Visitor: 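One structure coming up, written as C-alpha coordinates, with questions to follow.
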Amino acid sequence: MPFFEARSVSKARSDGSWLFKDINVSLNKGDIVALTGPSGVGKTTFLKCIAELILYEGGKSYLQDKSADEYGIPSWRSRVMYVPQRPPVMEGTPLEFFETVKNFASQSKRREFGSPCLICTCEIPIVYAHTIYVFFEVEIGIGWELSPDLWEQTWNTLSGGEMQRIAIAIAVALNPDVLLLDEPTSALDPDTSILVERTLQKHTCLWITHNPEQEKRVASQHLILGPHGEHHLNGNGNHRSGGAGSVRG
Ligand SMILES: Nc1ncnc2c1ncn2[C@@H]1O[C@H](COP(=O)(O)OP(=O)(O)OP(=O)(O)O)[C@@H](O)[C@H]1O
(Lines give C-alpha, C1' and ligand atoms only; values in the text may rest on other atoms or scores of the structure.)
Protein backbone atom coordinates (compact mmCIF):
# COMPACT_ATOMS: atom_id res chain seq x y z
CA MET A 1 0.00 0.00 0.00
CA PRO A 2 1.53 3.36 -0.99
CA PHE A 3 1.75 6.02 1.71
CA PHE A 4 0.01 8.57 -0.52
CA GLU A 5 -1.77 8.08 -3.80
CA ALA A 6 -3.62 10.31 -6.28
CA ARG A 7 -5.77 8.27 -8.65
CA SER A 8 -7.04 9.59 -12.00
CA VAL A 9 -7.16 13.20 -10.85
CA SER A 10 -8.73 15.29 -13.62
CA LYS A 11 -9.55 18.97 -13.88
CA ALA A 12 -11.41 20.79 -16.67
CA ARG A 13 -10.92 24.38 -17.76
CA SER A 14 -13.91 26.69 -17.63
CA ASP A 15 -14.46 26.08 -21.42
CA GLY A 16 -14.87 22.34 -20.73
CA SER A 17 -11.51 21.22 -22.20
CA TRP A 18 -9.17 19.22 -19.96
CA LEU A 19 -6.48 21.13 -18.11
CA PHE A 20 -5.17 17.68 -17.12
CA LYS A 21 -6.78 14.26 -17.09
CA ASP A 22 -6.20 11.01 -15.22
CA ILE A 23 -3.04 11.90 -13.33
CA ASN A 24 -1.89 9.04 -11.10
CA VAL A 25 0.88 9.51 -8.56
CA SER A 26 1.89 7.27 -5.71
CA LEU A 27 4.50 7.98 -3.08
CA ASN A 28 6.15 6.00 -0.36
CA LYS A 29 6.85 7.85 2.87
CA GLY A 30 9.79 10.18 2.27
CA ASP A 31 9.42 10.30 -1.52
CA ILE A 32 9.59 13.63 -3.27
CA VAL A 33 7.83 14.10 -6.60
CA ALA A 34 9.00 17.15 -8.57
CA LEU A 35 6.16 18.72 -10.49
CA THR A 36 7.39 20.65 -13.51
CA GLY A 37 6.17 22.12 -16.79
CA PRO A 38 5.68 25.51 -18.44
CA SER A 39 3.73 28.29 -16.77
CA GLY A 40 -0.01 27.88 -16.90
CA VAL A 41 -0.16 24.10 -17.48
CA GLY A 42 -1.91 23.44 -14.19
CA LYS A 43 0.76 22.55 -11.62
CA THR A 44 -0.71 24.72 -8.86
CA THR A 45 -4.21 23.64 -9.77
CA PHE A 46 -3.19 19.97 -9.51
CA LEU A 47 -1.83 20.50 -5.98
CA LYS A 48 -5.00 22.37 -5.00
CA CYS A 49 -7.13 19.45 -6.27
CA ILE A 50 -5.09 16.99 -4.22
CA ALA A 51 -5.40 19.26 -1.16
CA GLU A 52 -9.18 19.39 -1.70
CA LEU A 53 -9.02 23.17 -1.88
CA ILE A 54 -10.92 23.39 -5.17
CA LEU A 55 -13.56 21.31 -6.94
CA TYR A 56 -12.39 19.01 -9.73
CA GLU A 57 -14.03 16.75 -12.25
CA GLY A 58 -12.55 13.34 -11.53
CA GLY A 59 -10.33 11.18 -9.35
CA LYS A 60 -9.53 10.86 -5.69
CA SER A 61 -6.52 10.92 -3.40
CA TYR A 62 -5.68 8.50 -0.60
CA LEU A 63 -3.47 8.78 2.45
CA GLN A 64 -2.64 5.38 3.84
CA ASP A 65 -5.52 4.01 1.77
CA LYS A 66 -8.12 6.34 3.25
CA SER A 67 -9.73 9.01 1.08
CA ALA A 68 -10.30 12.66 1.91
CA ASP A 69 -13.98 11.85 2.44
CA GLU A 70 -13.09 9.26 5.05
CA TYR A 71 -10.79 11.65 6.93
CA GLY A 72 -13.16 14.61 6.53
CA ILE A 73 -11.99 17.62 4.53
CA PRO A 74 -10.56 19.76 7.42
CA SER A 75 -8.55 16.81 8.69
CA TRP A 76 -7.36 15.96 5.17
CA ARG A 77 -6.16 19.53 4.59
CA SER A 78 -4.11 19.46 7.77
CA ARG A 79 -2.56 16.13 6.77
CA VAL A 80 -2.07 16.81 3.06
CA MET A 81 -1.08 20.44 3.29
CA TYR A 82 -0.78 22.92 0.43
CA VAL A 83 1.83 25.63 1.00
CA PRO A 84 1.43 28.60 -1.37
CA GLN A 85 4.39 30.27 -3.00
CA ARG A 86 3.82 33.25 -0.76
CA PRO A 87 1.23 33.69 1.97
CA PRO A 88 -1.30 36.44 1.39
CA VAL A 89 -0.44 39.53 3.45
CA MET A 90 -2.37 39.11 6.66
CA GLU A 91 -3.01 41.14 9.76
CA GLY A 92 -1.05 40.33 12.89
CA THR A 93 2.22 38.47 13.28
CA PRO A 94 3.42 35.05 12.13
CA LEU A 95 3.46 33.81 15.72
CA GLU A 96 -0.21 34.79 16.18
CA PHE A 97 -1.04 33.11 12.88
CA PHE A 98 0.77 29.94 13.94
CA GLU A 99 -1.15 29.78 17.21
CA THR A 100 -4.45 30.21 15.34
CA VAL A 101 -3.80 27.54 12.70
CA LYS A 102 -2.34 25.20 15.31
CA ASN A 103 -5.65 25.34 17.14
CA PHE A 104 -7.58 24.64 13.91
CA ALA A 105 -5.25 21.78 13.05
CA SER A 106 -5.43 20.28 16.53
CA GLN A 107 -9.19 20.12 16.21
CA SER A 108 -8.93 18.13 13.01
CA LYS A 109 -6.10 15.77 13.96
CA ARG A 110 -4.59 14.82 17.29
CA ARG A 111 -0.90 15.38 16.64
CA GLU A 112 2.21 16.82 18.23
CA PHE A 113 3.33 20.14 16.82
CA GLY A 114 6.82 21.57 16.64
CA SER A 115 7.76 25.19 16.87
CA PRO A 116 8.40 27.02 13.64
CA CYS A 117 10.55 29.67 15.34
CA LEU A 118 13.58 27.92 16.69
CA ILE A 119 15.96 25.14 15.98
CA CYS A 120 16.93 22.86 18.80
CA THR A 121 18.40 19.40 18.70
CA CYS A 122 17.99 18.73 22.40
CA GLU A 123 14.67 18.16 24.06
CA ILE A 124 14.64 20.94 26.61
CA PRO A 125 11.83 23.41 27.04
CA ILE A 126 12.65 26.90 25.85
CA VAL A 127 10.65 30.00 26.68
CA TYR A 128 10.07 32.33 23.78
CA ALA A 129 7.44 34.98 23.39
CA HIS A 130 5.94 34.03 26.76
CA THR A 131 5.29 30.51 25.53
CA ILE A 132 7.09 27.34 26.49
CA TYR A 133 8.01 25.30 23.46
CA VAL A 134 9.21 21.75 23.83
CA PHE A 135 11.21 20.71 20.82
CA PHE A 136 11.21 17.50 18.90
CA GLU A 137 14.35 18.17 16.93
CA VAL A 138 12.53 20.62 14.76
CA GLU A 139 15.09 22.00 12.36
CA ILE A 140 13.36 25.07 11.13
CA GLY A 141 13.38 28.81 11.72
CA ILE A 142 16.80 29.74 13.01
CA GLY A 143 18.27 26.95 10.91
CA TRP A 144 17.01 28.92 7.93
CA GLU A 145 18.61 32.13 9.22
CA LEU A 146 15.30 33.61 10.34
CA SER A 147 15.79 35.81 13.38
CA PRO A 148 13.34 34.97 16.21
CA ASP A 149 12.32 38.65 16.28
CA LEU A 150 10.66 38.26 12.87
CA TRP A 151 7.97 36.06 14.37
CA GLU A 152 6.64 38.99 16.36
CA GLN A 153 6.76 41.52 13.52
CA THR A 154 3.64 42.15 11.48
CA TRP A 155 3.47 40.29 8.16
CA ASN A 156 3.53 43.50 6.13
CA THR A 157 7.02 44.38 7.44
CA LEU A 158 8.59 41.11 6.25
CA SER A 159 10.52 40.64 3.03
CA GLY A 160 9.29 38.21 0.36
CA GLY A 161 11.96 35.69 1.31
CA GLU A 162 11.19 35.99 5.03
CA MET A 163 7.47 35.50 4.41
CA GLN A 164 8.16 32.48 2.24
CA ARG A 165 10.43 30.80 4.82
CA ILE A 166 8.04 31.60 7.67
CA ALA A 167 5.06 30.14 5.79
CA ILE A 168 7.00 26.93 5.11
CA ALA A 169 8.30 26.76 8.68
CA ILE A 170 4.73 27.01 9.96
CA ALA A 171 3.59 24.25 7.60
CA VAL A 172 6.45 21.96 8.68
CA ALA A 173 5.77 22.66 12.37
CA LEU A 174 2.14 21.64 11.86
CA ASN A 175 3.50 18.21 11.07
CA PRO A 176 1.48 17.22 8.00
CA ASP A 177 1.90 13.80 6.42
CA VAL A 178 2.37 15.21 2.94
CA LEU A 179 3.57 18.67 1.95
CA LEU A 180 2.32 20.15 -1.33
CA LEU A 181 4.93 22.79 -2.05
CA ASP A 182 4.36 25.53 -4.62
CA GLU A 183 7.81 26.78 -5.64
CA PRO A 184 8.93 26.88 -2.01
CA THR A 185 12.27 28.60 -2.63
CA SER A 186 11.32 30.97 -5.45
CA ALA A 187 12.07 34.07 -3.35
CA LEU A 188 15.30 32.78 -1.80
CA ASP A 189 18.96 33.14 -2.69
CA PRO A 190 20.79 29.92 -3.64
CA ASP A 191 22.46 29.34 -0.24
CA THR A 192 19.24 29.88 1.73
CA SER A 193 17.38 27.67 -0.74
CA ILE A 194 19.73 24.82 0.09
CA LEU A 195 19.08 25.26 3.83
CA VAL A 196 15.33 25.07 3.26
CA GLU A 197 15.69 22.12 0.88
CA ARG A 198 17.62 20.14 3.48
CA THR A 199 14.72 20.35 5.90
CA LEU A 200 12.05 19.68 3.31
CA GLN A 201 13.92 16.62 2.00
CA LYS A 202 13.04 14.84 5.24
CA HIS A 203 9.34 15.01 4.33
CA THR A 204 7.00 13.40 1.82
CA CYS A 205 6.38 16.08 -0.78
CA LEU A 206 4.91 16.98 -4.12
CA TRP A 207 7.09 19.93 -5.04
CA ILE A 208 6.61 22.42 -7.88
CA THR A 209 9.91 23.74 -9.13
CA HIS A 210 11.17 25.64 -12.17
CA ASN A 211 14.78 24.99 -11.10
CA PRO A 212 16.31 21.93 -12.84
CA GLU A 213 19.25 21.82 -10.41
CA GLN A 214 16.90 21.77 -7.46
CA GLU A 215 14.82 19.09 -9.14
CA LYS A 216 17.94 16.92 -9.53
CA ARG A 217 18.89 17.43 -5.89
CA VAL A 218 15.56 16.67 -4.26
CA ALA A 219 13.31 14.55 -6.45
CA SER A 220 12.90 10.81 -6.39
CA GLN A 221 10.20 11.03 -9.08
CA HIS A 222 9.27 13.55 -11.76
CA LEU A 223 5.82 14.51 -12.98
CA ILE A 224 5.92 16.78 -16.03
CA LEU A 225 2.75 18.53 -17.19
CA GLY A 226 2.47 19.67 -20.80
CA PRO A 227 0.55 22.52 -22.45
CA HIS A 228 -2.17 20.35 -24.00
CA GLY A 229 -3.27 18.46 -20.92
CA GLU A 230 -0.68 15.70 -21.39
CA HIS A 231 1.58 14.52 -18.59
CA HIS A 232 4.63 12.38 -18.36
CA LEU A 233 5.94 10.54 -15.35
CA ASN A 234 9.41 9.28 -14.48
CA GLY A 235 10.96 7.72 -11.44
CA ASN A 236 14.70 7.74 -10.91
CA GLY A 237 14.69 4.66 -8.71
CA ASN A 238 15.40 6.73 -5.65
CA HIS A 239 12.32 5.83 -3.68
CA ARG A 240 12.91 6.23 -0.01
CA SER A 241 11.31 3.46 1.92
CA GLY A 242 11.39 0.04 0.34
CA GLY A 243 9.13 -1.18 -2.39
CA ALA A 244 8.07 0.51 -5.54
CA GLY A 245 6.71 3.99 -5.13
CA SER A 246 5.44 4.53 -8.62
CA VAL A 247 4.24 7.27 -10.83
CA ARG A 248 2.06 6.26 -13.70
CA GLY A 249 0.79 8.09 -16.70
N1 LIG B 1 -10.33 26.53 -10.07
C2 LIG B 1 -10.00 26.54 -11.38
N3 LIG B 1 -10.84 26.04 -12.32
C4 LIG B 1 -10.51 26.01 -13.62
N5 LIG B 1 -9.35 26.51 -14.11
C6 LIG B 1 -8.48 27.03 -13.23
C7 LIG B 1 -8.74 27.07 -11.82
N8 LIG B 1 -7.69 27.63 -11.20
C9 LIG B 1 -6.81 27.94 -12.18
N10 LIG B 1 -7.29 27.59 -13.38
C11 LIG B 1 -6.63 27.76 -14.67
O12 LIG B 1 -5.66 26.75 -14.78
C13 LIG B 1 -4.57 27.21 -15.57
C14 LIG B 1 -3.29 26.78 -14.92
O15 LIG B 1 -3.03 27.59 -13.77
P16 LIG B 1 -1.97 27.13 -12.69
O17 LIG B 1 -1.78 28.27 -11.76
O18 LIG B 1 -2.36 25.83 -12.12
O19 LIG B 1 -0.65 26.93 -13.60
P20 LIG B 1 0.84 26.63 -13.19
O21 LIG B 1 1.29 25.51 -14.06
O22 LIG B 1 0.95 26.44 -11.72
O23 LIG B 1 1.56 27.99 -13.62
P24 LIG B 1 2.85 28.76 -13.05
O25 LIG B 1 4.06 27.88 -13.33
O26 LIG B 1 2.87 30.01 -13.85
O27 LIG B 1 2.62 29.01 -11.58
C28 LIG B 1 -4.74 28.71 -15.73
O29 LIG B 1 -5.12 28.95 -17.05
C30 LIG B 1 -5.84 29.06 -14.77
O31 LIG B 1 -6.64 30.08 -15.27
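Quick caveat, the model's predicted, so the values are computed rather than measured. Just so you know, ligand 1 is whichever comes first in the structure, and atom 1 is the first atom listed for that ligand. Residue numbers start at 1 and run along the sequence shown.
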Visitor: Return yes if a side-chain donor-acceptor contact under 3.5 Å exists between Asp69 and Ser67, otherwise no.
Guide: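 No donor-acceptor contact under 3.5 Å links the two side chains.
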Visitor: Around atom 17 (O) of ligand 1, find the nearest protein heavy atom and jot down its residue, atom name and distance.
Guide: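 Looking only at protein heavy atoms, the one closest to atom 17 (O) of ligand 1 is Thr44 CB, 3.7 Å.
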Visitor: Do the charged groups of Asp182 and Lys48 touch, with an N to O distance under 4.0 Å?
Guide: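 Salt bridge: no.
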Visitor: Please state which protein non-hydrogen atom is closest to atom 26 (O) of ligand 1 and give its distance, to 0.1 Å?
Guide: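 Residue, atom and distance for the closest contact: Ser39 OG, 3.1 Å.
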Visitor: Could you report the tightest heavy-atom contact between Glu215 and Ala34, atom names first, then the distance?
Guide: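 Closest approach of Glu215 to Ala34, heavy atoms only: CG-CB, 3.5 Å.
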Visitor: Do me a favour and list the nearest non-hydrogen protein atom to atom 25 (O) of ligand 1 with residue, atom name and distance?
Guide: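 The closest one turns out to be Lys43 NZ, 2.8 Å.
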Visitor: Purely on distance, is any nitrogen or oxygen of Ser14 under 3.5 Å from one on ligand 1?
Guide: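 So ligand 1 has no N or O lying under 3.5 Å from an N or O of Ser14.
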Visitor: Considering only heavy atoms of His210, which atoms of ligand 1 have at least one such atom less than 4.0 Å away?
Guide: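 Atoms satisfying the 4.0 Å criterion: 25 (O).
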Visitor: Identify the closest protein heavy atom to atom 29 (O) of ligand 1: which residue and atom is it, and at what distance?
Guide: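 That would be Gly40 O, 4.4 Å.
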Visitor: Sequence neighbours excluded, which residues qualify as ring-ring contact (aromatic ring centres under 6.0 Å, His included) partners of Phe4?
Guide: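 By the ring-ring contact (aromatic ring centres under 6.0 Å, His included) rule, Phe4 matches no residue at all.
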Visitor: Shortest non-hydrogen contact from Lys29 to Phe3?
Guide: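 That closest heavy-atom pairing would be N-CB, 3.5 Å.
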Visitor: Under 4.0 Å, heavy atoms only, figure out whether ligand 1 is touched by the backbone of Leu19, its side chain, both or neither.
Guide: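 The part of Leu19 near ligand 1 is the side chain, not the backbone.
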Visitor: Is Gly37 close enough to touch ligand 1? Criterion: a residue heavy atom under 4.0 Å from a ligand atom.
Guide: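 No.
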Visitor: Under 4.0 Å, heavy atoms only, figure out whether ligand 1 is touched by the backbone of Lys11, its side chain, both or neither.
Guide: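 The answer is the side chain.
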Visitor: Any nitrogen or oxygen of Val41 lying under 3.5 Å from a nitrogen or oxygen in ligand 1? Just yes or no.
Guide: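 Yes, since at least one N or O of Val41 sits under 3.5 Å from an N or O of ligand 1.
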Visitor: Does Glu96 reach the main-chain N or O of Glu91 with its side chain, forming a donor-acceptor pair under 3.5 Å?
Guide: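 Side chain of Glu96 to backbone of Glu91: no pair is present.
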Visitor: Sorted by first residue and then second, give each side chain to side chain donor-acceptor pair (under 3.5 Å) pair with at least one member in residues 184-193; sequence neighbours left out.
Guide: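 Every side chain to side chain donor-acceptor pair (under 3.5 Å) pair that includes a residue of residues 184-193, provided the two are not neighbours, is Gln85-Ser186, Gln164-Ser186, Thr185-Gln214, Asp189-Thr192.
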Visitor: Closer than 4.0 Å and a protein heavy atom, does any atom meet both conditions relative to atom 31 (O) of ligand 1?
Guide: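 Protein heavy atoms within 4.0 Å of atom 31 (O) of ligand 1 - there are none.
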Visitor: For atom 8 (N) of ligand 1, find the nearest protein heavy atom and state the residue, atom name and distance (0.1 Å precision).
Guide: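 I find the closest protein heavy atom is Thr45 OG1, 3.8 Å.
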Visitor: Could you go step by step and tell me if Arg165 and Val196 meet the side chain to side chain contact (heavy atoms under 4.5 Å, CB included) rule?
Guide: CA-CA 8 Å; Arg165 274 172 291 168; Val196 173; 3.9 Å; yes
Visitor: State whether a side-chain donor-acceptor pair under 3.5 Å links Asn211 with Thr209.
Guide: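 No, Thr209 and Asn211 have no side-chain donor paired with an acceptor closer than 3.5 Å.
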Visitor: List every atom of ligand 1 that sits less than 4.0 Å from any heavy atom of Ala12, numbering the atoms from 1 in the order shown and giving each element.
Guide: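 The list of qualifying atoms is 4 (C).
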